[in-house]
There are 2 protein chains.
Amino acid sequence: MSKKATSTKRERDPAATRQRLIDATVRLMVQQGFAGTSVDQICKEAGMTKGGFFHHFENKEALGIAAIEWWGRMGTALYAESWQDSTLDPLKQLHRMFDIMVGFTRRNDDAVVCMVGMMSQEMSATNPAFQAACEKELNLWTENVAKLLTAAKKLHKPKTKFDPIQVAWLLNSLWQGSMLIGKTCRSQQLIRDNLKLARDYVDGLFQAN
Amino acid sequence: MSKKATSTKRERDPAATRQRLIDATVRLMVQQGFAGTSVDQICKEAGMTKGGFFHHFENKEALGIAAIEWWGRMGTALYAESWQDSTLDPLKQLHRMFDIMVGFTRRNDDAVVCMVGMMSQEMSATNPAFQAACEKELNLWTENVAKLLTAAKKLHKPKTKFDPIQVAWLLNSLWQGSMLIGKTCRSQQLIRDNLKLARDYVDGLFQAN
DNA sequence: TTGGACATACAAACCGGTCGGTATGTAAAG
DNA sequence: CTTTACATACCGACCGGTTTGTATGTCCAA
């Protein structure tokens, strides 16, 4: 209804323009952080002028929040294949998830970074809106993983007692920390090594059969 | 010879002034990041003027690097008790280290954040000097932990094969990621839960005796 | 022709960094 | 023991440029 765009030349497409701004923001902020990225720079990257920008977003902060939310949706879509295939053994679903994460480290087009992790570090101590937006995304990831761990617990006997939520937070922390260190030490292999150990750790929670 | 300072009143103490600037920088940047903290702000926090500031540091970047190095020295001093007590079983040394980390989460005066982790996220993708400074500190931590794991391997039979360096990087990543998430989710308990699981993980690498 | 989607021009604050100057300490010459 | 000469530590005004954000204009589609 609202989206037509049937004509060949669609000069004006506000939704696409908005998304172009978000894309540019993610691309730049993932490299330079929030404070290190200027609105001018974003506009230039998106092929847009300042007036246009402030037509779509109230201010820079609103754009940052939108970029975080977009990153969250992208992530959820990326993991969906593993999180939602309920025909699979939940432990196999977790394996699929690790495979996806390893795949994420292999996109050689750009660095292995998480927008949420970056904004968390830079902003969540001082900006409540960013803190809340990041927390929401981190919670979502953890909840999905915890759900799989809980399901796995019903199918496989755990070797020792463990709390799925705690383990999920552990995995989330490890994932974020791996990307942080992988970036600074310029090693994607380091991230993959960590993922391998994490996978073994998860397997080790359950009795082999 | 050059340092006397026997008199009671020492108005001029350049080394202390320099340190005051570094302290102020750490205090502010750990909250607001590098780009988010202005030189004026640092000067105000340190009770100093811009002119004085640029007498001590060539530019803002030099101060940032100095602050990272200072943080590294502080960390090494903090861990020294566990890392250097070679009379102890290396596995006990690792336990001591985890205790120190838990203690770090209990300093209720300010948040549980790592200057190196923050600068890593914000700067290492764009600023080679910051990247190198952060990488150095991360390497140092990992090497010390890897050394303990190697020593522990000689004293205790490992349950399965593992590479001490890989495990040390895993622990470093987990530690950094825990502080990142702990900050955003405003939970120091989460950090402690992760540390507990990490400790159990390390214990689980070796056969109980 | 009206309103949304952009561009242009501009404002006001703020940024890192410089500069001229001053206060203080040191050391050697007289 | 002064006096002179110089180095160090620090101050605060200032500069050019950049920042976010606004006010206004234009153009095209419905």
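Quick note on labels: first sequence line is chain A, next is B, and so on, each numbered from 1. As the structure is a prediction and not an experimental result, all values here were calculated from the model.
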Just how far, in rounded Å, is [atom2] of [N] from [atom1] of [X]?
| X | N | atom1 | atom2 | answer |
| --- | --- | --- | --- | --- |
| A:F53 | D:dG21 | CZ | C1' | 10 Å |
| A:L21 | C:dA7 | CG | C1' | 14 Å |
| B:D40 | D:dC14 | CG | P | 15 Å |
| A:Q41 | D:dT19 | CD | P | 7 Å |
| B:I42 | C:dG17 | CD1 | C1' | 13 Å |

Quiz item: Would you find a donor on one side and an acceptor on the other, under 3.5 Å apart, between the side chain of B:E45 and the backbone of B:A24?
Solution: no
Quiz item: Backbone N or O of B:Y79 within a donor-acceptor pair of the B:S82 side chain at under 3.5 Å?
Solution: yes
Quiz prompt | Derivation of the side-chain hydrogen bond (donor to acceptor under 3.5 Å, both in side chains) call for B:Q131 and A:K183 | solution = CA-CA 9 Å; B:Q131 181 268 328; A:K183 171 165 63 175; over 6 Å; no
Quiz item: Which nucleotide in the list D:dG12, C:dG17, D:dT19 gets nearest to the side chain of B:K50?
Solution: C:dG17
Quiz item: When we call it a touch if two heavy atoms are under 4.0 Å apart, what does A:S38 touch: a base, just sugar-phosphate, or nothing?
Solution: sugar-phosphate
Quiz prompt | Exceeds 12 heavy-atom contacts within 6.0 angstrom, atom CD of B:E58 | solution = no
Practice problem: Could you tell me whether A:I165 atom CD1 has more than 12 heavy atoms of other residues or ligands within 6.0 Å of it? | Solution: no
Self-check item: Short side-chain donor-acceptor distance under 3.5 Å, A:Q93 and A:R96
Solution: no
Quiz item: Hey, does the side chain of B:T17 come within less than 4.0 Å of D:dA9's phosphate (OP1/OP2), counting only N and O?
Solution: no
Self-check item: DNA chain D-proximal residues of residues 54-71 of chain B, any heavy atom under 4.0 Å
Solution: B:H55, B:H56
